[in-house]
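Structure first, commentary second.
For the single chain, residues carry numbers from 1 onward in sequence order. We use all heavy atoms of the structure for the numbers below, so side chains are in, but hydrogens, waters and symmetry mates are not. Read the numbers this way: they start at 1 and go in the same order the structure lists the ligands and their atoms. These numbers come from a predicted model, not from an experiment.
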Amino acid sequence: MSDIITIATQKGGTGKTTTAGALGAALTRKGWRVLMVDMDPQANLTFTMRAQDQTHGTYEVLTGKMPAADAICTGPGQAGKPSRTKEKPGDMPDRKIIPASTALSGADLELTAIGKEFRLQEALQPLRDDFDYIIIDTPPSLGILTINALTAADEVVITAQADAYSLQGIWQLHSTIQAVTRYTNPGLLLKGILITRHNPRSVLSRDLTGLIEETAQQMQTFVYQRPIREGVAVKEAQASRQDLFSYAPRNKPAQDYMAFADELLERRQGDDS
Ligand SMILES: Nc1ncnc2c1ncn2[C@@H]1O[C@H](COP(=O)(O)OP(=O)(O)OP(=O)(O)O)[C@@H](O)[C@H]1O
Ligand SMILES: [Mg+2]
């Protein structure tokens with residue numbers, strides 16, 4: 001039975017898509033069966049995973065036009081692609097995604113019937129034995145697409161940059177999570193806050209990291225031990241549409257994201273035992 005992890009915050013540009021992509025790539029490299037789901041009409045993850053030419057995706061799945069299994073697109077492996085280093089990190093296995101398209105932006109208006117919050121949860125149900133992890137990327141809003149992603153999930157990870165607006169965003173998402181656990185998904189767990197785009201040399205960054213830790217305590221959750229540092233390789237990898245580990249495995253953000261995946265897996269083991 002798969003574990004469904006949603007990456008969310010309604011604040012834009014806090015590294016949701018980067019985190020979803022890197023976590024998916026890290027878990028795939030570790031040998032887990034991973035499905036990515038792009039719930040953002042901006043389709044950034046879909047683009048990076050080279051799946052943007054598909055005629056079907058999350059829109060068709062949410063509107064009941066297609067079963068989720070038929071909407072899965074297999075992205076090409078990364079063998080033979082240019083990389084930043086001469087090091088050969090080993091071929092990346094093929095990765096699977098249910099892509100997003102701009103048609104998804106109409107879903108807000110189209111999904112009005114009773115049960116609209118449960119569309120993704122229902123659609124993913126038949127796939128839960130086929131994957132170990134299903135990772136959902138969400139748009140920077142708390143509309144019906146994010147509500148579907150939270151209703152479908154077992155766990156939600158919040159991404160936050162060390163800035164004042166991120167803190168505000170964490171609280172706003174927290175109230176949405178509380179509403180979701182009350183009305184549509186009582187089992188949803190807040191599985192930590194990940195600090196992204198971190199600059200260890202900035203004093204402000206350090207101060208705000210402290211505040212985010214306090215906020216996490218108030219929410220009875222935690223901050224992942226290792227923040228994800230800024231690194232130009234993130235943008236470069238995305239521009240060349242490769243996963244971070246194939247493109248620049250020794251780069252700081254790649255190392256940090258691997259440590260994040262390790263911590264997430266360790267905490268799962270701790271929960272299971
Ligand atoms: N660790 C990092 N180092 C450098 N750049 C980063 C890092 N993480 C993310 N970025 C860059 O920051 C920008 C925003 O990241 P990303 O698209 O992942 O955020 P997002 O939360 O998904 O945004 P949106 O809310 O628009 O969906 C992107 O251009 C990305 O390349
Ligand atoms: Mg995004």
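To the nearest 0.5 Å, atom CG of residue Leu188 and atom CG of residue Leu190 are 8.0 Å apart.
For atom 22 (O) of ligand 1, the choice among Thr17, Leu244, Thr159 with the nearest heavy atom turns out to be Thr17. Taking only non-hydrogen atoms, the option from Ser141, Ala254, Gly13, Gly12 nearest to atom 14 (C) of ligand 1 is Gly13. Nearest to atom 26 (O) of ligand 1 by heavy atom, out of Lys11, Lys16, Gln42, is Gln42. Of the candidates Glu236, Arg229, Arg197, it is Arg197 that places a heavy atom closest to atom 12 (O) of ligand 1.
Residues Gln242 and Arg50 bring no donor and acceptor atom of their side chains to less than 3.5 Å of each other. Using a 3.5 Å distance cut-off with no hydrogens or angles, the side chains of Thr46 and Asp38 do pair a donor with an acceptor. Residues Thr159 and Thr196 bring no donor and acceptor atom of their side chains to less than 3.5 Å of each other.
With hydrogens left out, the protein atom closest to atom 3 (N) of ligand 1 is Gly231 N, 3.0 Å, a heavy atom. In terms of protein heavy-atom proximity, atom 2 (C) of ligand 1 is nearest to Val234 CG2, 3.6 Å. Nearest protein heavy-atom contact of atom 31 (O) of ligand 1 is Gln238 OE1, 2.5 Å. Gly15 N, 2.9 Å is the protein heavy atom nearest to atom 19 (O) of ligand 1. Closest to atom 11 (C) of ligand 1, if we only count protein heavy atoms, is Lys235 NZ, 3.6 Å. The nearest protein atom to atom 9 (C) of ligand 1, hydrogens excluded, is given as Thr18 OG1, 3.5 Å; this is a heavy-atom distance.
Asp40 has its side chain out of reach of Leu45: every pair of non-hydrogen atoms, C-beta onward, lies at least 4.5 Å apart. Inter-residue side-chain proximity for Lys16 and Thr9 is flagged as met; some heavy-atom pair is nearer than 4.5 Å. In this structure, the side chains of Lys191 and Asp154 stay at 4.5 Å or more apart for every pair of heavy atoms.
Take Ser205 and apply the side chain to side chain donor-acceptor pair (under 3.5 Å) test, not counting sequence neighbours, and it matches His198.
Here Asp137 has no heavy atoms under 4.0 Å from ligand 1, in either its backbone or its side chain.
Assignment of Thr196 to the shell around ligand 1 is not supported, since no heavy atom sits closer than 4.0 Å.
Partner of Ile212 under the side-chain contact (heavy atoms from CB on, under 4.5 Å) criterion, chosen from Leu194, Asp207, Leu167: Leu167.
Of all protein N/O/S atoms, those lying under 2.8 Å from the Mg ion (ligand 2) come to 1.
Residue pairs meeting the ring-ring contact (aromatic ring centres under 6.0 Å, His included) criterion with at least one member in residues 9-62, sequence neighbours excluded: Trp32-Tyr133.
Close contacts of ligand 1 with Thr14, meaning ligand atoms under 4.0 Å from a residue heavy atom, involve 19 (O), 20 (P), 21 (O). Using a 4.0 Å cut-off to heavy atoms of Asp40, the atoms of ligand 1 that qualify are 27 (O).
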Side-chain donor-acceptor distances from residues 136-147 under 3.5 Å, at least two apart:
{"unit_1": "Asp137", "atom_1": "OD2", "unit_2": "Thr17", "atom_2": "OG1", "d": "2.7"}
{"unit_1": "Thr138", "atom_1": "OG1", "unit_2": "Ile7", "atom_2": "O", "d": "2.7"}
{"unit_1": "Thr146", "atom_1": "OG1", "unit_2": "Ser141", "atom_2": "O", "d": "2.7"}

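Heavy-atom neighbours of Glu110 CD from other residues, nucleotides or ligands within 6.0 Å: above the threshold of 12.
Aromatic pair Tyr247/Phe245: centroids not less than 6.0 angstrom apart.
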